[in-house]
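For ligands, and for the atoms within them, numbers begin at 1 and follow the listed sequence. These numbers come from the heavy atoms of this one structure, side chains and all, not from hydrogens, waters or symmetry mates. Note that the coordinates shown come from a computational prediction; the quantities given were computed from them, not determined experimentally.
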Amino acid sequence: LVGSVERHRFVDTALVNQAYEDTSLPIGLGQTISKPSIVARMTELLLGAEGARAGGLGRVLEIGTGCGYQAAVLARVAREVYTIERLRALHEKARDNLRPWRLATVHLILGDGMVGYAKGAPYAAIIAAAGGETIPDAWVQQLAVGGRLVAPMAAAGGRQVLVVIDRTPHGLQQSTLEAVHFVPLKSGIA
Ligand code: SAH
């Protein structure tokens, strides 16, 4: 799945020779394209949601568009992808990167993803590519019943861990997975 999206199209020309290594790479403004193995890991976790049918996911929200790579991967498994980025320059870069694919189901939004994106809610899945101290309430509120949220979050000792929250008919279920290294979740648009 991840291998089916040409990653070299999302990085600067100077980094093209590293595009297929399993490392994160700079995309400008101090941000990074996630490493392919973590994109695969998080996408698989989303597909494990209770509400994910054989046909894949319904509406998905991504916080942190970056260069648009994860959004292109999500477009292969979701009916609609809403992806939000707070940095205008990256929002525009993602738009340029994604243009050749003509993905009519990917909606690029310039905004503060801390508040989610209410217009597309409820979501079958929510994925964040930036980590904060906590999981914003808005994300959980915008999750459909049967939906799953996967996001990095601060943990003890300055670490960051991957958190999964499932909205079941009986309430929320949260689990903590492995340590990860994502850029910080910040508020406001810049
Ligand atoms: N999924 C991206 C990874 C980008 S890195 C990719 O495939 O390339 C994470 C991104 O999250 C950064 O571009 C950063 O600017 C953005 N970000 C951080 N806080 C945010 C917020 N509150 N709302 C939207 N985007 C945010």
Side-chain angles (χ1 to χ4, degrees), residues 1-12 15-16 18-46 57 60-78 81-101 103 106-121 123 125-142 149-154 160 162-163 180-190:
L1 180 62
V2 166
S4 73
V5 177
E6 297 166 295
R7 194 168 181 256
H8 73 267
R9 290 174 178 267
F10 293 89
V11 299
D12 290 342
L15 297 171
V16 160
Q18 291 177 68
Y20 296 97
E21 288 170 19
D22 193 25
T23 50
S24 59
L25 294 169
I27 54 172
L29 301 167
Q31 309 303 317
T32 53
I33 180 173
S34 308
K35 59 178 184 175
S37 57
I38 190 77
V39 171
R41 168 83 169 132
M42 291 174 87
T43 307
E44 272 158 25
L45 283 168
L46 293 183
L57 295 159
V60 175
L61 173 65
E62 178 191 27
I63 295 102
T65 312
C67 64
Y69 174 65
Q70 168 87 71
V73 171
L74 290 171
R76 309 218 156 194
V77 295
V81 178
Y82 295 83
T83 179
I84 186 160
E85 172 58 54
R86 63 178 290 273
L87 299 176
R88 188 179 299 271
L90 286 179
H91 165 74
E92 283 167 6
K93 184 183 252 189
R95 202 178 50 203
D96 291 345
N97 286 343
L98 291 170
R99 189 166 290 129
W101 270 280
L103 301 170
V106 176
H107 312 284
L108 295 148
I109 301 134
L110 174 68
D112 183 355
M114 288 269 238
V115 295
Y117 186 65
K119 282 184 199 157
Y123 297 101
I126 300 180
I127 176 171
E133 290 302 310
T134 57
I135 303 292
D137 285 341
W139 298 359
V140 177
Q141 279 157 19
Q142 291 172 20
L149 182 159
V150 179
M153 192 182 84
Q160 199 182 47
L162 208 54
V163 168
V180 286
H181 302 278
F182 281 88
V183 296
L185 183 69
K186 294 184 179 170
S187 53
I189 300 171

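- Residue Cys67 has at least one heavy-atom neighbour below 4.0 Å for each of these atoms of ligand 1: 8 (O).
- With respect to atom 1 (N) of ligand 1, the closest heavy atom belonging to the protein is Glu62 OE2, 2.9 Å.
- Residue Thr65 touches ligand 1 through its backbone alone, judged by heavy-atom distances below 4.0 Å.
- Contact annotation: Gly111 has at least one heavy atom less than 4.0 Å from an atom of ligand 1.
- Under 4.0 angstrom from ligand 1, the non-hydrogen atoms of Ala130 all belong to its side chain.
- When each atom of ligand 1 is checked for a heavy atom of Leu87 under 4.0 Å away, the hits are 15 (O).
- Residue Arg95 holds its CZ atom at 9.5 Å from CG of Leu110, rounded to the nearest 0.5 Å.
- Considering Leu74, Val73, Val150 in turn, Val150 is the only one that fulfils the side chain to side chain contact (heavy atoms under 4.5 Å, CB included) rule with Met42.
- In this structure, atom 14 (C) of ligand 1 lies nearest to the protein heavy atom Gln31 OE1, 3.3 Å.
- Taking the six-membered ring where tryptophan is involved, the planes of Phe10 and Trp101 are essentially parallel, since the angle between them stays under 30° and well short of 60°.
- The backbone N or O of Ala129 lies less than 3.5 Å from no partner atom in the side chain of Glu62, so there is not a single donor-acceptor pair.
- With a 4.0 Å heavy-atom cut-off, ligand 1 is reached by the backbone of Pro184 but not by any atom from C-beta on.
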- Query: Between Tyr20 and Glu6, is a side chain to side chain contact (heavy atoms under 4.5 Å, CB included) present by the stated rule, with each step listed?
  - Reply: CA-CA 9 Å; Tyr20 296 97; Glu6 297 166 295; 3.7 Å; yes
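- Closest to atom 16 (C) of ligand 1, if we only count protein heavy atoms, is Glu85 OE1, 3.4 Å.
- Close approach to Leu185 involves these atoms of ligand 1, each under 4.0 Å from a residue heavy atom: 19 (N), 20 (C), 21 (C), 22 (N).
- By the 3.5 Å distance cut-off applied to N or O atoms, Ser187 is not counted among the residues near ligand 1.
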- Task: Apply the test side chain to side chain contact (heavy atoms under 4.5 Å, CB included) to residues Arg76 and Ser4: give CA-CA distance (whole Å), side-chain angles for both, the deciding distance (0.1 Å), then the verdict.
- Result: CA-CA 9 Å; Arg76 309 218 156 194; Ser4 73; 3.0 Å; yes
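- Protein heavy atom at the shortest distance from atom 24 (C) of ligand 1 is Arg86 N, 3.4 Å.
- Residue Val183 approaches ligand 1 through these ligand atoms, each under 4.0 Å from one of its heavy atoms: 5 (S), 9 (C).
- A salt bridge is absent between Asp96 and Lys93: the closest approach of a Lys/Arg side-chain nitrogen to an acidic carboxylate oxygen does not fall below 4.0 angstrom.
- Each of Ile63, Leu46, Val140 was compared with Ile126 under the side chain to side chain contact (heavy atoms under 4.5 Å, CB included) criterion, and only Ile63 meets it.
- At least one donor-acceptor pair closer than 3.5 Å links the side chain of Gln142 to the backbone N or O of Val115.
- For ligand 1, the atoms lying closer than 4.0 Å to a non-hydrogen atom of Tyr69 are 7 (O).
- What sits closest to atom 22 (N) of ligand 1 on the protein, heavy atoms only, is Lys186 O, 2.6 Å.
- Every atom of ligand 1 is numbered from 1 in the order shown, and the set under 4.0 Å from a heavy atom of Thr32 is 3 (C), 4 (C), 5 (S).
- Per-residue contacts place Gln70 under 4.0 angstrom from the following atoms of ligand 1 (heavy atoms of the residue considered): 1 (N), 7 (O).
- Between Gly64 and ligand 1, an N or O atom pair is found at a separation short of 3.5 Å.
- Heavy-atom contacts from other residues, nucleotides or ligands closer than 6.0 Å to CG of Asp12 number more than 12.
- Looking only at protein heavy atoms, the nearest one to atom 9 (C) of ligand 1 is Ala129 O, 3.3 Å.
- Taking every non-hydrogen atom of Gly113 and a distance limit under 4.0 Å, the qualifying atoms of ligand 1 come out as 21 (C), 22 (N), 23 (N), 24 (C).
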- Task: Kindly indicate, with the supporting measurements, whether the criterion side chain to side chain contact (heavy atoms under 4.5 Å, CB included) is fulfilled by Tyr69 and Val2.
- Result: CA-CA 9 Å; Tyr69 174 65; Val2 166; 2.8 Å; yes
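- Judged purely by atom type and a 3.5 angstrom limit, Glu85 uses its side chain to pair as donor or acceptor with the backbone of Gly66.
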